Number of protein chains: 2
Amino acid sequence: MKKTSGEILKSSSLSITDGRKKILDIFLSAPNALAHQDIELKCKEKFDRVTIYRTLQAFLEKGIIHTIPSSDNITRYALCNDDCIDSGHHHDNHVHFSCDECGKTICLDETAIPSVRLPNGFRAHQINMIVSGVCKSCL
Amino acid sequence: MKKTSGEILKSSSLSITDGRKKILDIFLSAPNALAHQDIELKCKEKFDRVTIYRTLQAFLEKGIIHTIPSSDNITRYALCNDDCIDSGHHHDNHVHFSCDECGKTICLDETAIPSVRLPNGFRAHQINMIVSGVCKSCL
DNA sequence: AATCATTTTGCAACAAAGTTGCATTATTTC
DNA sequence: GAAATAATGCAACTTTGTTGCAAAATGATT
Ligand SMILES: [Mn+2]
Ligand SMILES: [Mn+2]
Ligand SMILES: [Zn+2]
Ligand SMILES: [Zn+2]
């Protein structure tokens, strides 16, 4: 059973506001990762740009969403799995896929990032893997 | 024997200008990846901001440098190995490391990106792996 | 349910990053 | 060296993100 936006906000001890509920609902029903601009287009007339920035910031800190690095320099956000919310720090260990055709970025939640052996002297804390190519829908 | 900036520009059929030579020299002597701002700080008084943008763009297209995706939304550039220049398309298959301490990003040229098995229906064209943590110098 | 303390929001103003058009200057070709 | 071609600097602009502050909304308390 999936949690509602209200429940997620409550369990993250964020006060429940129209803006946060709306933005979280957008994430909950989105099939792909969202950039700030995507969210702005979906609720520009309702909420200020600054509010969206601050909301995303709050969600990030609470472990509700995570960012996805990209070559095109646009920060994209996607929902975390529940563990991030509870534990307070991110451990999204899956591969991200960016489609060259449709431009969409998605979380491959089932695809774990393979381990890699670094040169001596380097200590890894976090690993990101972004694969680009053609996605399932565009093939 | 390392190529000079002039030789690299010539073999990429780019006309040789003071700006391009200077910026390429900065890359040739840099131990880490450079953001636009890093370059600007090193030659602000000499070249216009726009010229730096256009130079980086030209270097990218010619396969002289490649971009490194990052979470902090800052595009960083580093020299490609020679193959990219000759073949005309990028195939920088190494891991990138971003140090949380010193903030520097470096190419781990000797560390190949491990292969990963994607779900059915996805076709990979390019793979990026960015490891963050503590680098050799900061340990 | 009304009150009060605490957060959140919208607005304005700003800073930084990146792009485009165009006249001027530099580089290459002949 | 002259002509053709390409690169540069400047101005103007867009997009992205940040900050301070007053007004509005939320959550806790009575
Ligand atoms: Mn993800
Ligand atoms: Mn590299
Ligand atoms: Zn696609
Ligand atoms: Zn370091």
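Keep in mind the model is a prediction, meaning the values are calculated, not measured. Note on naming: letters A, B, ... go to the chains in the order of the sequence lines (proteins, then strands), and numbering restarts at 1 for each one.
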> Does B:Y53 or B:V50 map to a spot on DNA chain C nearer the 5' end, using the closest nucleotide for each?
B:Y53
> For the side chain of B:Q37, counting heavy atoms from C-beta on, which of D:dT26, C:dA17, D:dA6 is nearest?
C:dA17
> Quick one: do A:V131 and B:V95 end up in the same hydrophobic cluster if we chain Ile, Leu, Val, Met, Phe, Trp and Tyr together by side-chain heavy atoms under 4.5 Å apart?
yes
> Determine whether a donor-acceptor pair (one donor, one acceptor, N or O, separation below 3.5 Å) exists between the side chain of B:R54 and the base of C:dG18.
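Side chain to base: no pair below 3.5 Å.
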> Categorize A:K10 for me: base, sugar-phosphate, or nothing, with a 4.0 angstrom heavy-atom threshold over every strand shown.
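Here A:K10 touches no strand at all.
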> I want to verify a distance call: between D:dG9, D:dG17, C:dA17, whose nearest atom is closest to the B:T51 side chain?
D:dG9
> Is there a side-chain contact between A:R49 and the phosphate of D:dG17, meaning an N or O under 4.0 Å from OP1 or OP2?
no
> Please report the C-alpha distance between A:H36 and A:Y53 in whole Å, then the side-chain angles of each, then the deciding distance to 0.1 Å, and finally whether the ring-ring contact (aromatic ring centres under 6.0 Å, His included) criterion is met.
CA-CA 7 Å; A:H36 176 273; A:Y53 278 113; 3.8 Å; yes
> At under 4.0 Å, does any side-chain N or O of A:T17 touch on OP1 or OP2 of D:dA25?
no
> Taking NZ, NE, NH1 and NH2 as the nitrogens, is one of them in B:R76 or B:D72 under 4.0 Å from a carboxylate oxygen of the other?
yes
> Closer than 4.0 Å, any side-chain N/O of A:N73 to the OP1 or OP2 of C:dG18?
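Yes, because at least one side-chain N or O of A:N73 sits under 4.0 Å from OP1 or OP2 of C:dG18.
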> Categorize A:I74 for me: base, sugar-phosphate, or nothing, with a 4.0 angstrom heavy-atom threshold over every strand shown.
nothing
